[in-house]
There are 2 protein chains.
Amino acid sequence: MTTPGRGLHGRVLDTLGPAITAGEYPPGSVLRTDELAQGFEVSRSVMREAVRVLESMHLVASRRRVGVTVRPKCEWNVYDPQVIRWRLAGADRPHQLRSLTVLRSAIEPVAAGLAAQHATPEQCAELTECALGMVANSRGHRLEEYLVHDIAFHRVVLTASGNEMFARLGDVVAEVLAGRTHHEVMFEDPDPAAVTLHVQVAEAVREGDGARAEKLTREITVGALEELDILAP
Amino acid sequence: MTTPGRGLHGRVLDTLGPAITAGEYPPGSVLRTDELAQGFEVSRSVMREAVRVLESMHLVASRRRVGVTVRPKCEWNVYDPQVIRWRLAGADRPHQLRSLTVLRSAIEPVAAGLAAQHATPEQCAELTECALGMVANSRGHRLEEYLVHDIAFHRVVLTASGNEMFARLGDVVAEVLAGRTHHEVMFEDPDPAAVTLHVQVAEAVREGDGARAEKLTREITVGALEELDILAP
DNA sequence: CCCTCTCAAAAAGTCAGACTTATACGTCAC
DNA sequence: GTGACGTATAAGTCTGACTTTTTGAGAGGG
């Protein structure tokens, strides 16, 4: 994804980050830098850099004379893409997937509404292309090809919204969509109704109809919520 | 806010972070670790730790034989609370405040709807208390006292939603509300209509009326958007 | 003239060891 | 029991030497 082996401290993080986010060390656990360095067979400098990164993610707090203490889950920087990836890779996956899907359901409709106002002609064309790609791969178990276009579609919408906070959620949405295709439901072809909705969103954005784009996107995200059995009776 | 002087590397970040997020180094600029270390009069170890943190925020990328290059704005981890604080403290403030207010307008209504379903009796009580505090301080230039209750109110709503992603936006909303009171409009007493809306949201949540809580919160956020002249004609 | 291959310089990366500083905790006197 | 004091501990800092990767320049050949 990002960069596999970007230095020794990176490889330490690849092990330590998932371990912490998976809850292997309960909140308040104390780690010693020296012991960790020995355990990973790296120098203290390297281990210190790794700890600094974990600290910047608010996963741990380092205090003199005490050690490196694991912070409670509620203090983590849960929007850090790295943290999201670690959690999606671990036992927390289902819970994380639900949280992110709810987040999507709040963001994407608003983003689509803004995209209808701000999208450039190029972005409109790209959007239409993505929607057509989805249609073309919606039958015959072409799940991977469908996924590529689905991800691209939502990424364009978020970018075209013109809001940098929305735009940066493109990677998160990509992870959620990929996760759904690879590990959850979706054994057969995607819901035809969802495909149609994507085409209609592209239309609405092209026509500058923000209200319609928002409403249609809300229907898409409601579908995503229902797939995960997140709904109020 | 967090911890002022948590080590030398922290003090380096306090200078370097704001400088980068303010755009003082254009994207692609190359910094040398050794030169920076000399400039800040710290050892290379300390400077390396600082660079590692900036790297984990995707503000810079470190490559051998090249140096530490500043990444383009669109790649930054803009949800990192530290990055948000740095940007709010710099020249980017107005733009950042708008982005975050739009984000609020997408998140908070949905969060309020969920809070109506999931809020504990304690949270309902706390919410009512906050709303009453806002009413009590809505007249007579008691802006600071009003702000405290306003922040607490929105924090409770986000927490009570039961979604960890929403909950972690409490700090962001606090920054936005504080920013509005301290640096933007709001020279006189807050809008009475907004105060009433908060009281009604507390009611709706207490009664478990998610749809009403969502709708009322949407009115609140629309008001916030209008204050910043963000609206479509 | 252009292309490729080689090589050396440059900057990050790694390591080891010594030293400093803050602080939790135990001890002792009161 | 309460307070002041001292000590052990683990993080923090600094330094200097060494390694590794990568780029860009220059040599050589087509």
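Excluded from the calculations below are hydrogen atoms, water molecules and symmetry mates; all remaining heavy atoms, backbone and side chain alike, are included. Throughout, protein chains are lettered first and strands after them, A, B, ... in sequence-line order, and every chain is numbered starting at 1.
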Notebook entry, point to check: OP1 or OP2 of C/dA12 less than 4.0 angstrom from a side-chain nitrogen or oxygen of B/Thr33, does that happen here?
Noted result: yes
Check: Any donor and acceptor pair, going by atom type alone, linking the side chain of B/Thr69 with main-chain N or O of B/Ala61 inside 3.5 Å?
Finding: yes
Check: Within this structure, what is the CD-to-C1' distance between B/Glu55 and C/dG13, rounded to whole angstrom?
Finding: 11 Å
Next item on the list: Specify the separation, in whole Å, of atom CG of B/Asp34 and atom P of C/dA10.
Entry: 13 Å
Notebook entry, point to check: Reading nucleotides 14-21 of chain C from the 5' end, what letters show protein touch, with B for base, S for backbone sugar-phosphate only, - for no heavy atom under 4.0 Å?
Noted result: BB-BB--B
Note to self: Tell me which pairs pass side chain to side chain donor-acceptor pair (under 3.5 Å) where either residue lies in residues 31-40 of chain A, with sequence neighbours left out.
What the structure shows: A/Arg32-A/Glu35
Next item on the list: For A/Gln123, look at atom CD and say whether over 12 heavy atoms of other residues, nucleotides or ligands are found less than 6.0 Å away.
Entry: yes
Next item on the list: For B/Arg52, enumerate each residue passing the side-chain hydrogen bond (donor to acceptor under 3.5 Å, both in side chains) test, keeping only those at least two apart in sequence or located in another chain.
Entry: A/His9, A/Glu49, B/Glu55
Notebook entry, point to check: Does B/Arg32 have a side-chain nitrogen or oxygen under 4.0 Å from the phosphate oxygens OP1 or OP2 of C/dA11?
Noted result: yes
Notebook entry, point to check: Ignoring hydrogens and angles, does a donor from either the side chain of A/Arg63 or the base of D/dA11 sit under 3.5 Å from an acceptor on the other?
Noted result: no
Note to self: Heavy atoms only, 4.0 Å cut-off, all strands: where does B/Val51 land among base, sugar-phosphate and nothing?
What the structure shows: nothing
Next item on the list: For A/Thr217 and A/Glu108, test the side chains for any donor-to-acceptor distance below 3.5 angstrom and give the result as yes or no.
Entry: no
Note to self: Quick check on DNA chain D: between A/Ser62 and A/Arg65, whose nearest nucleotide comes earlier from the 5' end?
What the structure shows: A/Arg65
Note to self: Could you check whether any side-chain N or O of A/Tyr79 sits under 3.5 Å from a backbone N or O of B/Met165, counting only pairs where one atom can act as donor and the other as acceptor?
What the structure shows: yes
